Amino acid sequence: MPELPEVRVVVNYLNQNVKGKVISAVRVFYNRLLVETSLLDLKDKLVNQQIEGVDAYGKYIIFHLTNYEMISHLRMEGKWIFESDNFFSYPQDLVEAEIEFEHEAKVLRYYDFRRFGTLQLVAKNQWKTLPAIAKLGYEPFDKGASADYLFTKVHSSSRAIKTLLLDQTILLGLGNIYVNEVLFQAKIHPLESGKNLTLQDCALILQVSKDILGKSIEEGGTTIHSFMVGNHQSGHYQKYLQVHGRENLPCFVCGTKIKKINVNGRGTYYCPWCQKLKKI
DNA sequence: ATCCGTGTTGCAGT
DNA sequence: TACTGCAACACGGA
């Protein structure tokens, strides 16, 4: 699921289902899920904690508890599901953690198809000091994400703009799918060197990013590898994808075949007619 | 069978 | 030192 819109959708789901509930038991079935957090600590500390609310920070999910923050990153395939104790939305052996609440028959389960996701418990109000989080850049919706800010970060680099936009220390929340979409809509070639971008290009990238991410949040995110019938978290933005996953299909704007290349190990889709390298 | 992938990190090379 | 590329993590699907 997880780029910024998908994480927002999960956070809304968590707030609707478990906000205000008090944890009564915790079980972990895959210890590598935990980062800098011992299993004993997790169990000891989580019991009797109330979930005061859940927030998103880029692709991170922040559970605000009475005395702690619990930081969840879904990576590629992680899923939080609130479901009946005896009903499993996904294969039971994919459950990595399970949280029970007082006066509540349903349980909150963390499933992970690829076991890449992480969970970390941090003392209250300390989570922004975690090194991995402290270094992150601005979300496109943040006031700090101005054209000047992006231009400063980008114009001194010779890296491909595709790579720069995936770098979460510059902008926060864009992943591979949405970067492909943003660059198509901004008509910028994914391999364009950061130093060739103008201030106007940066302003356009930010505007398009907000448009695309906002629309996707409205649509419930993008669901690509959804194999689950009745998955209540599936989104609809995949209907709006212009280039991602459309290799050799005609561009919706000009009809040219969409090209797929590899940029730093990530599948990269673009229209060779609409997105030309600058002649500099 | 081999390659690919919604993400991030840590290591190695320049 | 700073920047960059890439393997690694794990596992199902094409």
Side-chain angles (χ1 to χ4, degrees), chain A residues 1-11 29-36 56-61 71-80 90-96 110-120 130-137 139 152-183 190-191 193-195 209 212-213 216-217 219-228 231 233-241 243-248 260-269:
Chain A
M1 292 208 97
E3 295 182 45
L4 184 144
E6 292 75 32
V7 172
R8 295 284 173 100
V9 171
V10 174
V11 164
F29 307 105
Y30 183 72
N31 283 341
R32 296 179 69 172
L33 168 67
L34 302 179
V35 174
E36 292 168 20
Y57 189 72
K59 301 174 192 170
Y60 287 84
I61 296 170
I71 313 297
S72 163
H73 197 298
L74 305 175
R75 294 291 178 92
M76 304 286 264
E77 295 280 358
K79 289 162 181 63
W80 285 104
Y90 295 88
Q92 187 172 351
D93 59 0
L94 298 180
V95 176
E96 296 192 354
Y110 178 77
Y111 290 89
D112 200 333
F113 212 60
R114 286 176 71 179
R115 302 192 186 285
F116 276 6
T118 59
L119 192 64
Q120 180 168 10
L130 292 175
I133 289 181
K135 70 181 184 185
L136 297 176
E139 287 188 355
T152 304
K153 288 284 186 180
V154 143
H155 89 285
S156 56
S157 172
S158 57
R159 298 158 85 191
I161 184 59
K162 168 91 190 299
T163 305
L164 290 165
L165 292 182
L166 282 175
D167 183 341
Q168 303 293 298
T169 69
I170 298 175
L171 283 185
L172 187 48
L174 290 174
N176 201 40
I177 295 177
Y178 294 113
V179 168
N180 283 328
E181 295 299 310
V182 164
L183 289 176
L191 289 175
S193 170
K195 64 164 81 91
S209 298
I212 288 179
L213 294 175
S216 183
I217 292 168
E219 294 292 329
T222 300
T223 305
I224 285 195
H225 294 167
S226 169
F227 57 93
M228 176 64 202
N231 176 0
Q233 291 186 38
S234 62
H236 301 286
Y237 191 76
Q238 59 271 26
K239 287 186 294 201
Y240 300 89
L241 296 177
V243 287
H244 188 89
R246 299 193 66 248
E247 184 180 17
N248 289 328
K260 183 186 182 188
I261 59 173
N262 192 301
V263 179
N264 291 339
R266 309 305 304 276
T268 300
Y269 300 85

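In what follows, chains carry the letters A, B, and so on, assigned in the order in which the sequence lines appear, proteins first and then strands, with residues in each chain numbered from 1. A quick note: this is a predicted structure, and the numbers were derived from the prediction, not measured.
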Please determine whether a side-chain nitrogen or oxygen atom of A:Thr163 lies at a distance below 4.0 Å from atom OP1 or OP2 of C:dG5.
no
Tell me, with the steps shown, if A:Tyr30 and A:Asp112 meet side-chain contact (heavy atoms from CB on, under 4.5 Å).
CA-CA 10 Å; A:Tyr30 183 72; A:Asp112 200 333; over 6 Å; no
Between A:Tyr178 and A:Tyr237, how do the two ring planes meet: parallel, tilted or perpendicular, split at 30° and 60°?
tilted
Any N/O donor-acceptor pair, A:Arg114 side-chain to B:dG5 base, under 3.5 Å
yes
For atom CG of A:Asp167 and atom P of B:dG7, their distance in whole Å:
13 Å
Among C:dG12, C:dC11, B:dT9, the nucleotide that comes nearest once only the side chain of A:Lys135 is considered:
B:dT9
To the nearest angstrom, how far is A:Leu165 atom CG from B:dT8 atom C1'?
17 Å
Donor-acceptor pair under 3.5 Å, A:Arg115 side chain vs C:dA10 base
no
Criterion side-chain contact (heavy atoms from CB on, under 4.5 Å) on A:Arg159 and A:Val154, from CA distance to verdict:
CA-CA 8 Å; A:Arg159 298 158 85 191; A:Val154 143; over 6 Å; no
Atom pair distance, as rounded to whole Å: CG in A:Leu74 and P in C:dC11
17 Å
Just how far, in rounded Å, is P of B:dG5 from CD1 of A:Ile261?
12 Å
Does any N or O in the side chain of A:Gln168 come within less than 3.5 Å of the main-chain N or O of A:Leu174, such that one atom is a donor and the other an acceptor?
yes
Decide, applying a 5.5 Å centre-distance limit and a 30° plane-angle limit (both strict), whether A:Phe116 stacks on B:dT8.
no
If the cut-off is 4.0 Å, is A:Lys260 near the phosphate of B:dG5, judged by side-chain N/O to OP1 or OP2?
yes
Give the rounded distance in Å between these two atoms: CZ of A:Arg266 and P of B:dT9.
13 Å
Does C:dA10 have OP1 or OP2 under 4.0 Å away from a side-chain N or O of A:Tyr30?
yes
Send over the distance from A:Met76 CE to B:dC4 P, rounded to a whole Å.
13 Å
Pick the C1' atom in C:dA7 and in B:dC3, then give their distance to the nearest Å.
15 Å
Is there a side-chain contact between A:His73 and the phosphate of B:dG7, meaning an N or O under 4.0 Å from OP1 or OP2?
no
Would you say C:dC9 has OP1 or OP2 under 4.0 Å from some side-chain N or O of A:Arg75?
no
If you check the A:Phe113 side chain, which of C:dG12, B:dG7, B:dT9 turns out closest?
C:dG12
Once you round it to whole Å, what is the distance between P of C:dC11 and CD of A:Glu96?
9 Å
Of B:dG7, B:dT9, C:dG5, the nucleotide closest to the side chain of A:Asn176 is B:dG7
Salt-bridge contact A:Glu77-A:Arg75 (side-chain N to carboxylate O under 4.0 Å):
no
Length of the CD-P vector between A:Gln120 and B:dT9, whole Å:
11 Å
Check each of A:His244, A:Lys162, A:Glu3 against A:Asn176 using the side-chain hydrogen bond (donor to acceptor under 3.5 Å, both in side chains) test, and report the only one that passes.
A:Lys162
Using OP1 and OP2 only, check whether a side-chain N or O of A:Ser157 sits under 4.0 Å from C:dA2.
no
